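Order of the sequence lines fixes the chain letters, A, B, ..., with proteins taken first and strands second; residue numbering starts at 1 for each chain. The model shown is predicted, which means the values in this text are computed figures rather than measured ones. We use all heavy atoms of the structure for the numbers below, so side chains are in, but hydrogens, waters and symmetry mates are not.
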There are 2 protein chains.
Amino acid sequence: MITIYDIAKKANVSAMTVSRVINNTGKISEATRKRVKQVMEELHYVPNSTARSLVLQKTMMLSLLITDITNPFFTTVARGAEDTARKFGYKMLFGNSDEDYTKESEYVDSIVSTRVDGVLFAPAGDGSLDHLTRLQKHRIPFVILDREVPGIESDLVLGDSKEGARRLVEHLLQLGHRRIALVNGSPDVSTARLRQQGYADALKLADIPYDDELVVHISYRDFRDDGALDRLLGLERPPTAIFAANNVLAVGMIRALRERGLRVPDDVSVVCFDDLGLASVLDPFLTVAAQPAYQFGALGVQMLLERIEAGPELQRRTIMLPSELMLRSSVRPLADA
Amino acid sequence: MITIYDIAKKANVSAMTVSRVINNTGKISEATRKRVKQVMEELHYVPNSTARSLVLQKTMMLSLLITDITNPFFTTVARGAEDTARKFGYKMLFGNSDEDYTKESEYVDSIVSTRVDGVLFAPAGDGSLDHLTRLQKHRIPFVILDREVPGIESDLVLGDSKEGARRLVEHLLQLGHRRIALVNGSPDVSTARLRQQGYADALKLADIPYDDELVVHISYRDFRDDGALDRLLGLERPPTAIFAANNVLAVGMIRALRERGLRVPDDVSVVCFDDLGLASVLDPFLTVAAQPAYQFGALGVQMLLERIEAGPELQRRTIMLPSELMLRSSVRPLADA
DNA sequence: TTGTAAGCGTTATCAC
DNA sequence: GTGATAACGCTTACAA
């Protein structure tokens, strides 16, 4: 491996001078600078950032931890994060927790050991508390993405889960639906709780009693659970509409409905949180509350870099990003409203 | 930051003993081992992998470079790669080139400087030659994913582009289509050339003349180019079917067709390479040659680790993964076959 | 079984 | 302007 000493020797200077040329620090005569640069080119020298990290105590590396790389919402978040990190000269260490606390914990170990400069962290759920506390103990700055974790104070980039949910449900109500099911993520996740609140709020405003039978919980990552749907369809008064708390759940419900010979929206209407990426281009069908996923990532990295710069003195900040209602064709008005 | 010296002092041993306990090397009495472990727990010690990397000349980090994080094919590749890397204790540095040679070049700089142990590299195209040569110069092992680059000899994980294309086109021919358009990626990309060959082979076998007018090139990442479709539709004898060389192009074509009031498959049939992720679950509509994306990533990392282990002596290997024809409903038989 | 010394490739500090 | 030296946190080689 070529080091600054190899360069130094060949250019007849000290290693220190080479270092100065590389970093553009200190005073250097134009002549030696040129000579050193020349030799660096010749030998294809590339600085060893491991060595640099060790002495500088800075890795120029951020970590991005998401919960579902299969979900277009998160891949778009990743894209925003990655673009922004690159723009500022940071590398991106990537992790996918699959909403699995064990995996998440392993990633935190790895993150701490790697001494990344900061972490963009989409928590698996409330049980991520320990992991985030561990980061705090090691003074690794982080910004939490998408989900709050009770007990953790930090910078946050969140969506307007409650508000978005309320608007989706109100949309269904306006079209005459009265039996609206909520297919939700785990109550262990803050967004699931908030979306449920939004759902309940909308019903309350419309003077419709909240019916526990209409609310089921699956994992945000599961599009294969048919039991939930069967339970809903088996009710004495089955729902005429389903509010799925995220895009993956919605896809699962629609698939299951179709497999049972039911049509969307003719037999059952469906709406959900988060857009679908390519699927929405292919067929703009599903009515959704679309979150600005790219912004989640981009603003998250921006906040993170500011936090790294400023240290813990800086006041904690929360960015709340609104979602946009995309009215498409997965909902039909109910004739006998 | 807590170092082995802090542990050593508090446990009344030398740093070396601490190192031995951490790495389970050398002989250590059970008593001291216990004492050292105890202190490490107390102080929440985590080894500094930067320091370790510097002395070991090994970062335990792989780099994954893909061309389109928006494409479900590549996110699934990433998932396979990530899972496998983690299983073997490797971290994953992530990059998204967007098929942009400039971005790709920047990533290669970053990769070389970071001294990752190996790279899983999906090249932007033939122009990636320089970048791969640069990796070779620095003796960084890599496995090329999805696309061959003329002039580079390396381990490879490829799909059966030619064969898959041929089968897709033969499927269309069997159903009576004679005017079949090819909407292809850039000829700068090996898969685009091979898919074109497969297309041509199928036509030849069926004694149908190859018609240059029916072949257009767009970027594999572009689902917004409407000009291509308009050109095809404007032909004296427009196509009755479109073979899109990847999923993104297919989505773009279908969108554009629908915007022009044309229906798939009633007016035009569409098939493509690569499946669509969630969109295919939501609505198994598009007939595709599905590639085993997860395997691309998983086997790629496996090959890469073997290469890292074995060094350049090991014979180069190519894994060719077959694709699976998924017959769905985006194709209709032509009555007047 | 444990410890000492040197070195991984870089930069900060101080001296010339 | 330029250079010598120590330090970043760890492990290898050798000594005790």
Length of the line joining [X]:[atom1] and [N]:[atom2], which is rounded to integer Å:
X     : N     : atom1 : atom2 : result
A:M16 : D:dA7 : CE    : P     : 16 Å
A:N12 : D:dG1 : CG    : P     : 19 Å
A:K27 : D:dG3 : NZ    : P     : 17 Å
A:R20 : D:dG1 : CZ    : C1'   : 8 Å
B:D6  : D:dG9 : CG    : P     : 9 Å
A:I7  : C:dG9 : CD1   : P     : 13 Å
A:I4  : D:dA4 : CD1   : P     : 13 Å
B:I22 : D:dG9 : CD1   : C1'   : 10 Å

Any salt bridge linking [X] with [Y]? Criterion: basic side-chain nitrogen under 4.0 Å from a carboxylate oxygen.
X      : Y      : answer
A:R307 : A:D117 : no
B:D98  : A:R79  : yes
A:E30  : A:R35  : no

Legend entry - Close residues, residues 47-58 of chain A, relative to DNA chain D [heavy-atom separation under 4.0 Å]: A:L54, A:V55, A:Q57
Are [X] and [N] close enough that a side-chain N or O sits under 4.0 Å from OP1 or OP2?
X     : N      : value
B:S29 : C:dT1  : no
A:Y45 : C:dT10 : yes
A:S14 : D:dG3  : yes

Inset, instruction - Report which part of the nucleic acid B:T32 touches: base, sugar-phosphate, or nothing (heavy-atom distance under 4.0 Å, all strands). - result: sugar-phosphate
Inset, instruction - Please work out if A:I28 contacts a base, only the sugar-phosphate, or nothing of the nucleic acid, heavy-atom cut-off 4.0 Å. - result: sugar-phosphate
Inset, instruction - Give me the residues of residues 34-44 of chain A where at least one heavy atom lies under 4.0 Å from an atom of DNA chain C, by number, or none. - result: none
Inset, instruction - Output all residues satisfying side chain to side chain donor-acceptor pair (under 3.5 Å) with B:S105, sequence neighbours left out; order by chain, then residue number. - result: B:R134
Legend entry - Whichever of B:T17 and B:R115 has its nearest DNA chain C nucleotide further upstream toward 5': B:T17
Legend entry - Pairs touching residues 4-52 of chain A that satisfy ring-ring contact (aromatic ring centres under 6.0 Å, His included), sequence neighbours left out: none
Inset, instruction - Any pair with a residue in residues 54-103 of chain A that passes ring-ring contact (aromatic ring centres under 6.0 Å, His included), sequence neighbours left out, goes on the list, sorted by first then second residue, please. - result: A:F73-A:F296, A:F94-B:F94
Legend entry - Side chain proximity check, A:M320 to A:V157, heavy atoms < 4.5 angstrom: no
Inset, instruction - Report the C-alpha separation of B:D100 and B:R221 in whole Å, then their side-chain angles, then the decisive distance to 0.1 Å, and conclude whether the salt bridge (Lys or Arg N to Asp or Glu O under 4.0 Å) test is met. - result: CA-CA 11 Å; B:D100 175 329; B:R221 301 178 54 256; over 6 Å; no
Inset, instruction - For B:N23, enumerate each residue passing the side-chain contact (heavy atoms from CB on, under 4.5 Å) test, keeping only those at least two apart in sequence or located in another chain. - result: B:S19, B:T25, B:R52
